[in-house]
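Below is one structure, written out as structure tokens; the observations come after it.
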Amino acid sequence: MQSRLLNLLKFESKNSDPFDFEAFSHAVRLWTLVLDISVTMAQFPSKEIARRSYDYRTLGLGYANLGGS
């Protein structure tokens, strides 16, 4: 499983809303696409393994600094 972390403090908003959900949502969509492409571009020893790797791929996107401020 491939995983990447998003630093939640980077999405702290300077205006009235404490969290920039639009930017966070964009980052999640972008990283999901990047991780999906990395699975697609991988080389596998057979077509069957490649198909199963794509069908059952696990993409992990975590978060960091949940308690920090």
Identify the residue among Leu35, Val34, Val28 that makes a side-chain contact (heavy atoms from CB on, under 4.5 Å) with Thr32.
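Exactly one option meets the side-chain contact (heavy atoms from CB on, under 4.5 Å) with Thr32, and it is Val28.
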
Sequence neighbours left out, what passes ring-ring contact (aromatic ring centres under 6.0 Å, His included) with Phe24? Give chain and number order.
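Per chain and number, Phe24 pairs via ring-ring contact (aromatic ring centres under 6.0 Å, His included) with Phe11, Phe19.
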
Quick one: side-chain contact (heavy atoms from CB on, under 4.5 Å) partners of Ile49, sequence neighbours excluded?
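Testing Ile49 for side-chain contact (heavy atoms from CB on, under 4.5 Å), a comparison that skips the adjacent residues, returns Phe44, Pro45, Ser46, Ser53.
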
Can you name the salt bridge (Lys or Arg N to Asp or Glu O under 4.0 Å) partners of Arg51, sequence neighbours left out?
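Result, salt bridge (Lys or Arg N to Asp or Glu O under 4.0 Å) vs Arg51: Glu48, Asp55.
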
Rest of the hydrophobic cluster containing Leu30 (Ile/Leu/Val/Met/Phe/Trp/Tyr, side-chain heavy atoms under 4.5 Å)?
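Grouped by the 4.5 Å side-chain rule, Leu30 forms a cluster of one, so the answer is none.
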
Residues that Asp20 engages under side-chain hydrogen bond (donor to acceptor under 3.5 Å, both in side chains), provided they are two or more places apart:
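So Asp20 forms no side-chain hydrogen bond (donor to acceptor under 3.5 Å, both in side chains) with any residue.
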
